[in-house]
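What you see is a predicted model; the values in this text were computed from it and never measured. Naming convention: chains lettered A, B, ... in sequence-line order (proteins, then strands); numbering from 1 in each chain.
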Protein chains: 2
Amino acid sequence: MHTHWSVYIARMTAPPRQTRESIISAAAKLFYDEGIRRVSVDAIADEAGITKRTLYYHFESKDDLVAAYLEQRDQPSFARFQQWFAEAEGPLPERIRTIFVRLAAFARHPKWKGCGFLRTSAELANMPGHPAIKIGAAHKRRVEDWLAGVFEAEGLGEPRMLARQIILLLDGAFAVVLLNRDPGYMETAGDAAATLVRAASSRLQPSGAGA
Amino acid sequence: MHTHWSVYIARMTAPPRQTRESIISAAAKLFYDEGIRRVSVDAIADEAGITKRTLYYHFESKDDLVAAYLEQRDQPSFARFQQWFAEAEGPLPERIRTIFVRLAAFARHPKWKGCGFLRTSAELANMPGHPAIKIGAAHKRRVEDWLAGVFEAEGLGEPRMLARQIILLLDGAFAVVLLNRDPGYMETAGDAAATLVRAASSRLQPSGAGA
DNA sequence: GTCTATAAGCCGATAGAC
DNA sequence: GTCTATCGGCTTATAGAC
């Protein structure tokens, strides 16, 4: 019994899984705030409150940690887009536009520094096969697939093409706002996205113009 | 006379201005190929065929060199967009689309690694006031102003807004293609740009739908 | 699984000769 | 203006004790 308790307490204070995740959280914070190559493994270990040797027990290399950083970012980021869309009201173009408006509010936070996936691919552009870049590409593809499904369910023609156009505006907004620090561009991107959705809709509805 | 010649020859072989520019060229090549923080000042000096001490005679710091790298990139990059547009044929939406098609051909070159301005802003996202980022923002603004002028000359309504939407698609294409290495996205961006230009045109011509 | 200590080398920037 | 030589510090990663 006593033995059971001490083991249980030991697991509560510093079980391996929790240590690993605290390292990823520390890495995520620093990588996003300062950039991959700017952040040293020492700094990550310090932020996590462990030593470098412990970090290298849980991760093979710094590259491994970069991949884990983006893997952790994938699901929450994707879920946020879905939630923003689900909470939006009005016709489809307006609901798509809402995603960009919500993103603009995010970008106005002082700690916002762009899209972690895009920034990582920019910083590691000389390593096209890096695991982290593959994770980033898969993340964007996931969002694109989800949008394509939404458009297809609405009966729009060429839903895949439209989804790609929206992704281009979304990532363009990330890049442009990071460069000039004017979140207003995100709302402009939302307007463009709504226009494209309307154009795709009207192509399906012969009640419109000449066609 | 003899003196004049030797001075002239000395200027031809290693005048200060030429040394400075060879350093910038070396920095530009390495920064674009491998990223800012990945490239050491030693490597730039080696590439330029001079010593590090000479480099620091011509430039105050590495940051100074990063700014010079993007300053050198501004004019040729802008002129290329203008030339692509000037060489394009057909109605306005098609001519705008051509810019993206030409860019896609660029992106298919094996040494292509995205937009130097955007990649620099991504890598230096923790230093928002960095001179290089201001140069990048000014460059994009220049392209936007040029596009706005083109749209205004064509008599389109809200030319500034449309120019921003095109810039968003352009930079989105840079970011997306860098991430997933599929230049086909650039042509998709061109299609979206043409659609937006057409939408802006039809808003001016009451010969269209209900409005 | 976590620690202390250290390897082996690269970093940006500078001193001082010529 | 360009050189050789070097400073002090930081880098990723590892050795070996506990």
Side-chain angles (χ1 to χ4, degrees), chain A residues 3 6-27 30-31 33-69 120 123-124 126-127 130-132, chain B residues 6-28 30-31 33-69 120 123-124 126-127 130-132:
Chain A
T3 302
S6 59
V7 165
Y8 186 60
I9 288 173
R11 274 192 188 145
M12 274 188 52
T13 49
R17 183 59 65 87
Q18 196 164 324
T19 297
R20 188 187 152 88
E21 286 182 14
S22 78
I23 294 170
I24 296 178
S25 291
L30 293 173
F31 284 154
D33 285 353
E34 308 184 31
I36 309 291
R37 285 176 178 142
R38 166 90 180 215
V39 172
S40 70
V41 177
D42 293 78
I44 296 168
D46 282 357
E47 176 77 24
I50 50 131
T51 65
K52 193 160 47 171
R53 193 65 188 84
T54 299
L55 187 151
Y56 275 106
Y57 173 82
H58 290 278
F59 295 91
E60 275 206 350
S61 64
K62 185 182 178 181
D63 286 327
D64 198 14
L65 208 46
V66 178
Y69 149 54
T120 299
E123 197 167 353
L124 306 185
N126 64 320
M127 313 169 77
H130 194 290
Chain B
S6 58
V7 166
Y8 186 60
I9 289 173
R11 275 193 186 144
M12 274 188 53
T13 49
R17 181 60 63 87
Q18 196 165 325
T19 297
R20 186 186 153 88
E21 286 182 14
S22 79
I23 295 170
I24 296 177
S25 291
L30 294 174
F31 283 154
D33 285 353
E34 307 183 32
I36 309 290
R37 284 174 178 145
R38 166 89 180 219
V39 172
S40 70
V41 177
D42 292 80
I44 297 169
D46 282 356
E47 176 78 22
I50 50 132
T51 65
K52 192 159 49 169
R53 194 63 188 84
T54 299
L55 186 150
Y56 275 104
Y57 173 82
H58 290 278
F59 295 92
E60 274 207 350
S61 64
K62 184 182 178 181
D63 286 328
D64 198 14
L65 209 47
V66 178
Y69 150 54
T120 299
E123 196 167 353
L124 306 186
N126 64 320
M127 312 168 77
H130 195 291

Integer-rounded Å distance: [N] [atom2] and [X] [atom1]:
X: B:Ile23; N: D:dT2; atom1: CD1; atom2: P; result: 8 Å
X: A:Arg38; N: D:dT12; atom1: CZ; atom2: C1'; result: 18 Å
X: B:Asp46; N: C:dC10; atom1: CG; atom2: P; result: 12 Å
X: B:Tyr57; N: C:dG16; atom1: OH; atom2: P; result: 18 Å
X: A:Asp42; N: D:dT12; atom1: CG; atom2: P; result: 7 Å
X: A:Asp64; N: D:dA13; atom1: CG; atom2: P; result: 10 Å
X: B:Ile44; N: C:dC11; atom1: CD1; atom2: C1'; result: 12 Å
X: B:Glu60; N: C:dA13; atom1: CD; atom2: C1'; result: 12 Å

Quick check for you: among [options], whose closest atom lies nearest to any side-chain atom of [X]?
X: B:Thr51; options: C:dC11, D:dT11, D:dT4; result: D:dT4
X: B:Ser40; options: C:dC11, C:dA13, D:dT12; result: C:dC11
X: A:Tyr56; options: D:dT12, D:dG1, C:dG12; result: D:dT12
X: A:Thr54; options: C:dT2, C:dG12, D:dT2; result: C:dT2
X: B:Lys52; options: C:dT6, D:dT2, D:dT6; result: D:dT6

Any donor-acceptor pair under 3.5 Å from A:Glu47 side chain to A:Leu30 backbone: no
Kindly say whether A:Val39 contributes a backbone atom to a donor-acceptor pair with the side chain of A:Lys62 at under 3.5 angstrom? yes
Between B:Thr19 and D:dT2, is there a side-chain N or O to OP1/OP2 distance below 4.0 Å? yes
Walk me through whether B:Arg37 and B:Leu124 qualify under side-chain contact (heavy atoms from CB on, under 4.5 Å). CA-CA 9 Å; B:Arg37 284 174 178 145; B:Leu124 306 186; 3.8 Å; yes
Under the side-chain contact (heavy atoms from CB on, under 4.5 Å) criterion, do B:Glu21 and B:His58 qualify, and how do the steps go? CA-CA 10 Å; B:Glu21 286 182 14; B:His58 290 278; over 6 Å; no
Does any donor atom in the side chain of A:Thr54 or A:Thr51 lie under 3.5 Å from an acceptor atom in the other side chain? yes
